[in-house]
Amino acid sequence: MYEYFKKMYKEDSKKLFSLLEDNLKTNKKTFIVTANPETFSHGKDEEFNKLLLDDITTIIPDGIGLVKAAKMLDINVKERIPGIDISVKLLEFLNKYSKKLYIFGSKQEVIDQMKVIIQTKYPNIDLVGMTNGYVKDKDLVMKQIKKLNPDVVMVALGVPAQEKLIYKHIMEFDKGIFIGVGGSFDVLSGSKKRAPKLFIKLNLEWLYRICREPSRFKRFYKNNIKFIFKIKKLKKQNK
């Protein structure tokens, strides 16, 4: 796990967004993994471990737990960069440069609403296609996406499925920024509310989500509270 922290993106959001804009303009292939403690827990899976450590992957600290854990390990990570903020920036860049987008995943009604949002707020984006996340042959969808040659591919299938699917096919593409967006389509489409600005500013979006959906607490405990104990153990090993 220590290797994930060493590899994790350490600069601020301003530098990341500048990098993504440059990569979009120059057609540089990019794979963004927005990570939280739960993401790193999937590293015990050999395939997921390989993709996290691959040079093509940029690991972004989405969860505040990773920023705090990095500091415990004496690794300086400047800030948390929420995945939804990255998605919004990519939409802005796509609109600015009239680039092509494909969205894959989530429910049909959610991506239908995403289409409306894109056409309304980002009219210069060329939405070359969209597919819900309930199709059986997801590999076939990726092959179809390749033929459309999009500049950005957003995949909302949940961790680790979305990252594994991207990693399996990314080398078949000539260009593109690929990102697993989890539940971002739900928020961007208006299907779910994002936490109020104060919660975001204080890095307490996780608390807002638990208050809204108490069933999340068990998952939070498993992937965050236990995670801190793992980090303390890791720190002792790396002294």
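Along the sequence shown, residues are numbered consecutively beginning with 1.
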Practice task
If the plane angle is over 60° it's perpendicular, under 30° parallel, otherwise tilted; pick one for F173 and F178.
Solution key: perpendicular
Exercise for the section: Kindly check if the number of other-residue, nucleotide or ligand heavy atoms within 6.0 Å of CD (E172) is above 12? Expected result: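 Yes, because the 6.0 Å sphere around CD of E172 holds more than 12 heavy atoms from other groups.
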Practice task
Answer yes or no: are there more than 12 heavy-atom neighbours, outside K107 itself, under 6.0 Å from its atom NZ?
Solution key: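 Count not over threshold, so no.
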Which pairs would a plain distance check flag for residues 111-122, meaning a side-chain donor or acceptor within less than 3.5 Å of a matching protein atom at least two apart in sequence or in another chain?
{"unit_1": "D112", "atom_1": "OD1", "unit_2": "Q108", "atom_2": "NE2", "d": "2.9"}
{"unit_1": "T120", "atom_1": "OG1", "unit_2": "V116", "atom_2": "O", "d": "2.7"}

Exercise for the section: Check each of V77, I231, D74 against F5 using the side chain to side chain contact (heavy atoms under 4.5 Å, CB included) test, and report the only one that passes. Expected result: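 The passing option is I231.
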Compare all side-chain heavy atoms of [X] with those of [Y] and state whether any distance is below 4.5 angstrom.
X    : Y    : result
K99  : L24  : yes
V159 : V33  : no
M171 : K29  : yes
L16  : E11  : no
L188 : S87  : yes
N95  : P123 : yes

Just by distance, do the side chain of [X] and the backbone of [Y] share a donor-acceptor pair under 3.5 Å?
X   : Y   : result
E79 : S13 : yes
S41 : E38 : yes
T30 : K28 : yes

Completion exercise
Residues pairing under ring pair (Phe, Tyr, Trp, His ring centres under 6.0 Å) where one sits in residues 41-65, two or more places apart or in two chains, turn out to be H42-F48
Return a table of donor-acceptor pairs under 3.5 angstrom between the side chains of residues 50-71 and protein atoms on other chains or two or more places apart.
{"unit_1": "D54", "atom_1": "OD1", "unit_2": "I56", "atom_2": "N", "d": "3.0"}
{"unit_1": "D54", "atom_1": "OD2", "unit_2": "Y167", "atom_2": "OH", "d": "2.6"}
{"unit_1": "T57", "atom_1": "OG1", "unit_2": "L51", "atom_2": "O", "d": "2.5"}
{"unit_1": "D62", "atom_1": "OD2", "unit_2": "G83", "atom_2": "N", "d": "3.1"}

Exercise for the section: From the options K100, K25, K175, select the one residue that forms a side-chain hydrogen bond (donor to acceptor under 3.5 Å, both in side chains) with D151. Expected result: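 The option that passes is K175.
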Practice task
Rounded to the nearest 0.5 Å, what's the gap from CG on N149 to NZ on K147? Could you check?
Solution key: 13.0 Å
